[in-house]
Number of protein chains: 2
Amino acid sequence: MRLTSKGRYAVMALVDLAKFNDINPVSLRDISLRQGISLDYLEQIFSKLRKKAIVQSVRGNQGGYVLNKKANEIKLTNIFDAVDEKVKTVQCKKESKKGCNGKPTKCLTHNLWDELENHINDFFEKKSLEDLIKDNIERRI
Amino acid sequence: MRLTSKGRYAVMALVDLAKFNDINPVSLRDISLRQGISLDYLEQIFSKLRKKAIVQSVRGNQGGYVLNKKANEIKLTNIFDAVDEKVKTVQCKKESKKGCNGKPTKCLTHNLWDELENHINDFFEKKSLEDLIKDNIERRI
DNA sequence: TATATACTTGACTAAATTAGTCAGGTTTAT
DNA sequence: ATAAACCTGACTAATTTAGTCAAGTATATA
Ligand code: FES
Ligand code: FES
């Protein structure tokens, strides 16, 4: 089980953005330099974030991105959902009544993986961008 | 984030095995047939489980595998550890003092991923094979 | 209005990982 | 003797990841 860098970068970039959010739009170039993330990759990520209304873009010179909601309204869930970082613990298609390995019934462990998935999603549901920023400031002091 | 099939199969197979454990050694062939997992793949998995003393092998005709500990002493953590299914949320090497992306310090989100990792591992730490079997029997009734 | 800055899009690719397969053993109960 | 079962290591196809690259479009400001 590993977190992909797309999800990791999305959160990193948003924390960075949130810190400067009130002053000016933040350019991806700045985030790229500060966080060491490829600009092209950031563009992919922010395109998705914009489509899900997590950020807003400001075009033109001195443009960049701004948060589209308050930091406490943006949960990790929303971010991961936007960049298609999804938690997948089961083998079978969730909706289908068929189990994994082509069997007609659910496998012995299906329930367990469902529980695990919920357990993980709980974590994402609870953490907001605001929490992360606070945590970050505290650590600096 | 996705669970790999190696981890998933390891648990499936052990639940299956645990159900017949008291009667006879359980052959991988039987598990393979019942659970729809390739025999060759099961052999890889059980080789690892045996090396970590989770199961014991009984050779020869009518042989197979038996649990090496009581079901309530086998945690998911032990199983995943044995088959190298590990939870990896951070980018950086944990031990090294260097952060990710070649930076000298930890990134903005390192703490968060650490928390996440602990959160997930808690789940694995709490669940034992016995829990799974009980859960399985309950669902049948 | 020229132009630099910044966003936007889509296609492409190298590397890594996963999910096995395959071949050729060795051991032991009957 | 022999068949059932375990054991080992190498190999591979498919998938996923983590980006790169090329070619734009939009707009603030001098
Ligand atoms: S994981 Fe859903 S049936 Fe096996
Ligand atoms: S994840 Fe550890 S420094 Fe970025």
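Per chain, numbering begins at 1; letters A, B, ... match sequence-line order. It should be emphasised that the depicted structure is a prediction, and the values quoted were computed from it without experimental measurement.
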Just compare [options] and give me whichever is closest to any side-chain atom of [X].
X	options	result
A/Y9	C/dG20, D/dA26, D/dG19	D/dG19
A/R59	C/dA23, D/dT16, D/dA26	D/dA26
A/N61	D/dG19, D/dA28, D/dC7	D/dA28
B/L28	D/dC6, D/dC7, D/dA18	D/dC6
B/S27	C/dA6, D/dC6, D/dA22	D/dC6

Next item on the list: Measure up the B/F123 and A/H119 rings against each other and bin them: parallel (under 30°), tilted (30 to 60°), perpendicular (over 60°).
Entry: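 Aromatic pair B/F123/A/H119 classed tilted.
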Notebook entry, point to check: Mind checking whether B/Y9 and B/Y41 have parallel, tilted or perpendicular rings, split at 30° and 60°?
Noted result: perpendicular
Short side-chain N/O contact to [N] OP1/OP2 from [X], under 4.0 Å:
X	N	result
A/R8	D/dG19	no
A/S47	C/dT8	no
A/R2	C/dA16	no
A/T4	D/dT16	no
A/Y65	C/dT8	yes
A/S5	D/dG19	yes

For [X] and [N], what is the distance between atoms [atom1] and [atom2] respectively, to the nearest whole Å?
X	N	atom1	atom2	value
B/Q62	C/dT30	CD	P	7 Å
B/L42	D/dA4	CG	P	19 Å
B/D40	D/dA10	CG	P	16 Å
B/F80	C/dT18	CZ	P	13 Å
B/K48	C/dA19	NZ	P	13 Å
B/L3	C/dA19	CG	C1'	13 Å
A/Y41	C/dT13	OH	P	18 Å
B/M12	C/dA19	CE	P	13 Å

Notebook entry, point to check: Are A/D30 and A/F20 close enough that some pair of their side-chain heavy atoms sits under 4.5 Å apart?
Noted result: no
Next item on the list: State whether the distance check finds a donor on one side and an acceptor on the other, under 3.5 Å, for side chain A/Q44 versus base D/dT20.
Entry: yes
Next item on the list: Classify the side chain of B/E43 and the base of D/dC7 as holding, or not holding, a donor-acceptor pair under 3.5 Å.
Entry: yes
Next item on the list: Calculate, to the nearest 0.5 Å, the distance between atoms CZ and CZ belonging to A/R29 and A/R34 respectively.
Entry: 11.0 Å
Next item on the list: Please report the closest heavy-atom contact between A/L3 and B/T89, naming both atoms and the distance.
Entry: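 Of all heavy-atom pairs spanning A/L3 and B/T89, the closest is CD2-O, 3.7 Å.
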Check: If you pin B/S57 and A/L39 to their nearest nucleotides in DNA chain D, which one's is more 5'?
Finding: B/S57
Next item on the list: Look at the side-chain heavy atoms of Ile, Leu, Val, Met, Phe, Trp and Tyr, link any pair under 4.5 Å apart, and say whether B/L108 and A/L39 land in one connected group.
Entry: yes
